[in-house]
Amino acid sequence: MKSFTTHTGIVAPMDRANVDTDMIIPKQFLKSIKRSGFGKNCFDELRYLDEGQPDQSCEGRPLNTEFPLNFPRYQGASVLLTRENFGCGSSREHAPWALGDYGFRAIIAPSYADIFYNNSFKSGLLPIILDGSTVDQMFTEMYETEGYELTISLKNQQVVTPSGQTFAFETDEFRRHCLLNGLDDIGLTLQDADAIHAYEVKLKDQSPWLFDAFKR
Amino acid sequence: MTMTTKTLYDKLWDAHIVKQRDDGSTLIYIDRHIIHEVTSPQAFEGLRLAGRQPWRIDSILATPDHNVPTTPKDRASGVEGIEDMVSKIQVKTLDENCDSFGITEFKINDRRQGIVHVIGPESGACLPGMTVVCGDSHTATNGALGALAHGIGTSEVEHVLATQCLVAKKMKNMLIKVDGKLGKGLTPKDVVLAIIAKIGTAGGTGYAIEFGGQVLRNMSMEGRMTVCNMAIEAGARAGMVAVDQTTIDYVKGRDFAPKGEQWDTAVASWRRLVSDENAVFDKVVEIDGSVIKPQVSWGTSPEMVVDIDGVIPDPVQEKDTVKKAGIERALEYMGLSAGQKITDIQLDRVFIGSCTNSRIEDMRAAASVVKGRQKAANVEEAIVVPGSGVVKAQAEAEGLDRIFIEAGLEWREPGCSMCLAMNADKLGAGEHCASTSNRNFEGRQGYGGRTHLVSPEMAAAAAIAGHFVDVREF
Ligand code: SF4
């Protein structure tokens with residue numbers, strides 16, 4: 001996994017609440033058996049005026065010029081500013097993969113859907129929670145200032161605005177540790193293999209029906 | 001002496017703790033892992049790249065469901081019958097992964113194939129007291145059994161494959177109590193849509209929801225599955241219902257359910273899977289079931305729901321600017337205007353199926369409405385897609401397929417179908433669809449398609465009338 005320590009980047013808006021995973025990456029692109037290459041179809045239905053197909057080149061597709069991510073001023077953005085309940089809907093990890101592949105390293109919103117929040121950390125994308133009024137303020141500043149950039153430090157758990165204002169955010173210790181160091185959490189869990197085996201021994205004794213059910 | 005009371009969720013959680021780690025995270029043991037073709041390929045690839053093996057293959061059950069065609073013609077030639085090359089590769093990849101690791105899979109034309117969340121309970125692969133995960137958000141369906149079940153992402157699929165565990169953090173407890181008596185013609189789908197309308201799509205975020213109250217106690221297992229299925233649409237990863245005699249009766253005799261002496265031991269342990277009398281919930285929501293009316297979603301989020309006798313809401317009434325913008329955008333996308341009557345919406349297509357409503361009771365309910373009637377001419381297509389081969393066979397044994405076909409509906413092969421339109425079943429741009437599925441997001445059922453979420457009875461009545469009607473008076 002890609003690690004995340006500090007990052008400074010241009011902020012782009014997704015100024016709506018309840019942005020769902022079908023919007024982030026429409027289902028036809030989930031047919032891929034790879035983890036990469038979703039970026040060009042991130043927000044496909046909003047970015048383009050036609051219906052996108054998997055394995056199709058996006059060069060030359062008609063762009064929706066009213067969609068902010070297509071505005072020249074937001075090109076190269078790596079921080080997405082958005083509203084409540086971002087990432088609701090399906091458990092598809094293709095959603096954070098698509099955002100990451102597009103170039104986003106962090107998202108800022110007042111709240112996220114649980115599964116999306118969890119999936120983001122696994123793919124090196126940092127979902128930051130800031131309260132509604134801070135998010136409002138950032139939207140205003142971003143709209144007013146072309147090239148609006150934020151600096152994010154995961155280690156210090158803070159976001160710094162261009163004027164030097166600092167906002168603290170929280171992440172839980174385990175996820176932060178993994179993301180800061182780009183750790184493979186499977187490897188970490190396997191360090192506890194003995195505990196898992198011990199649990200299984202007890203389980204087999206108490207609830208034997210949980211094992212080999214497909215042989216019944 | 002201090003007594004500790006526990007909720008059902010507390011009990012399920014506590015029973016599955018492998019290790020409490022110093023950093024506050026917990027290793028939770030996973031009893032059952034269900035996989036399908038869309039969210040598993042990258043997990044298997046990751047496993048191979050790291051040179052790892054699945055920890056316990058007898059915990060895994062696989063089936064392809066999202067991409068499979070549902071017309072009998074395409075289905076006849078199995079995987080090769082999948083026209084879309086990309087879909088075909090995905091289904092083949094699942095087969096190859098399962099074959100090479102020795103994982104039990106109900107392949108495309110196995111009689112037991114079906115939507116993951118339908119086949120789990122149906123086969124007895126998912127049981128009360130289990131932790132169940134699947135790379136799919138509607139895994140909560142299994143919570144109806146008194147199990148802790150929730151969706152996970154692909155990295156977690158890989159993690160569970162490799163370690164049989166999840167690194168998790170305990171959620172908060174919410175109780176949604178639906179009391180009173182449901183009116184005639186009211187269904188579990190109406191109950192869950194009414195719940196989402198009340199608490200909102202983020203209302204359950206961070207919680208595990210236990211659904212209780214008299215209405216749930218009186219509900220069949222399949223009805224409870226419909227309710228738990230949509231917990232995620234209320235923001236909650238997991239929904240569950242306490243074990244009672246209905247649960248035990250449902251599980252008994254299923255293929256993979258314990259038998260003989262093991263059955264008795266299992267039942268004795270399952271009976272404890274209820275919240276203690278004085279258990280403390282972080283949040284309690286009470287709903288009067290007797291006032292619920294048939295529900296129809298009008299917008300692009302499952303909380304945008306009104307009663308069948310209601311009208312499309314007016315954004316002017318909404319004070320919150322973000323919400324107001326959401327309503328305006330939804331009206332535009334749906335091609336509807338404020339004040340319009342729900343019953344005036346003309347329908348182009350009807351979809352009866354999905355993991356929310358594709359079990360035998362749903363099939364029976366829809367058939368009973370269309371029996372002896374004819375699909376309206378303006379409804380171009382009405383498809384009925386059973387949730388599994390087992391449901392299909394049962395429906396056919398009861399003659400339900402004939403009833404649908406005679407009424408002008410199509411009887412299909414099992415799969416996810418038009419719920420998310422990854423296969424050939426989709427809405428055209430601008431088309432309105434009465435759908436028994438669970439999500440009405442923009443583009444969900446096809447590019448530009450307009451979804452209205454309803455119960456099987458309401459969808460069936462809409463197919464006949466050509467527009468929404470109150471099934472209670474139909
Ligand atoms: S039926 Fe729909 S919601 Fe259910 S698993 Fe399939 S695609 Fe997902």
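Proteins come first, then strands; the chains are lettered A, B, ... in the order of their sequence lines, and each starts at number 1.
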**Request:** Check whether A:K122 gets within reach of chain B through its side chain, its backbone, both or neither, counting any heavy atom under 4.5 Å.
**Result:** both
**Request:** Please determine, among A:K215, A:E200, A:Q206, the option with the most heavy-atom pairs under 4.5 Å with chain B.
**Result:** A:E200
**B:A429, part contacting chain A, at a heavy-atom distance under 4.5 Å** = neither
**Message:** Is it true that B:Y447 and A:D50 share a donor-acceptor pair across their side chains at a distance under 3.5 Å?
**Reply:** no
**Message:** At a 4.5 Å cut-off on heavy atoms, which part of A:N119 comes close to chain B: side chain, backbone, both, or neither?
**Reply:** side chain
**Side chain / backbone / both / neither for B:I232 at chain A, heavy atoms under 4.5 Å** = side chain
**Asked** Relative to each other, are the rings of A:Y112 and A:Y117 parallel, tilted or perpendicular (30° and 60° limits)?
**Response** tilted
**Prompt:** What part of A:A193 gets closer than 4.5 Å to chain B, counting heavy atoms only: side chain, backbone, both or neither?
**Reply:** both
**Message:** Testing the 3.5 Å rule here: is there a donor-acceptor pair between the side chains of A:T171 and A:Q157?
**Reply:** yes
**Asked** Non-hydrogen atoms of chain B under 4.5 Å away: do they reach the side chain of A:H177, the backbone, both or neither?
**Response** neither
**Asked** Closest approach of A:S91 and B:S137, non-hydrogen atoms and distance?
**Response** OG-N, 3.3 Å
**Request:** Using non-hydrogen atoms and a 4.5 Å limit, figure out which bit of A:R83 sits close to chain B: side chain, backbone, both or neither.
**Result:** side chain
**Item:** Lys/Arg-Asp/Glu bridge criterion (N-O < 4.0 Å) met for A:R175, A:D172
**Value:** yes
**Asked** Measuring heavy-atom distances to chain B, does A:S207 have an atom under 4.5 Å in its side chain, in its backbone, in both, or in neither?
**Response** neither
**Asked** Which answer fits B:W263, side chain, backbone, both or neither, if we ask what part of it has an atom under 4.5 Å from a heavy atom of chain A?
**Response** neither
**Item:** B:D84 versus chain A, the contacting section by heavy-atom distance below 4.5 Å
**Value:** side chain
**Asked** Which atoms of A:D194 come close to chain B, meaning under 4.5 Å heavy atom to heavy atom: side chain ones, backbone ones, both, or neither?
**Response** neither
**Message:** Side chains of A:L180 and A:F4, heavy atoms from C-beta outward: is any pair under 4.5 Å?
**Reply:** no
**Request:** Please flag which part of B:Q445 lies under 4.5 Å from any non-hydrogen atom of chain A: side chain, backbone, both or neither.
**Result:** backbone
**Message:** Please rank A:E84, A:R92, A:H94, A:M23 by heavy-atom pairs under 4.5 Å with chain B and give me the top one.
**Reply:** A:H94
**Message:** So for B:S269, is it side chain, backbone, both, or neither that comes closer than 4.5 Å to the heavy atoms of chain A?
**Reply:** side chain
**Prompt:** Given side chains that start at C-beta, do those of B:E37 and B:M422 come closer than 4.5 Å, heavy atoms only?
**Reply:** no
**Message:** Is A:P26 in contact with chain B via its backbone, its side chain, both, or neither, using a 4.5 Å heavy-atom distance?
**Reply:** neither
**Message:** With a 4.5 angstrom heavy-atom cut-off, is it the side chain or the backbone of A:N85 that approaches chain B, or both, or neither?
**Reply:** side chain
**Asked** Do A:D192 and A:T189 have side-chain N/O donor and acceptor atoms under 3.5 Å apart?
**Response** no
**Fill in**
Here the gap from B:S59 atom OG to B:I30 atom CD1, rounded to the nearest 0.5 Å, amounts to 9.5 Å
**Message:** Would you call the rings of A:Y199 and B:H16 parallel, tilted or perpendicular, taking 30° and 60° as the class edges?
**Reply:** tilted
**Prompt:** Which bit of B:V167 is near chain A, if near means a heavy-atom gap under 4.5 Å: side chain, backbone, both or neither?
**Reply:** side chain
**Fill in**
Applying a strict 4.5 Å limit to non-hydrogen atoms, the region of B:N67 in contact with chain A is side chain
**Item:** Closest heavy-atom pair and its distance - B:V91, B:P64
**Value:** CG1-CB, 3.9 Å
**Message:** Report which part of B:S25 has an atom under 4.5 Å of a heavy atom belonging to chain A: side chain, backbone, both, or neither.
**Reply:** side chain
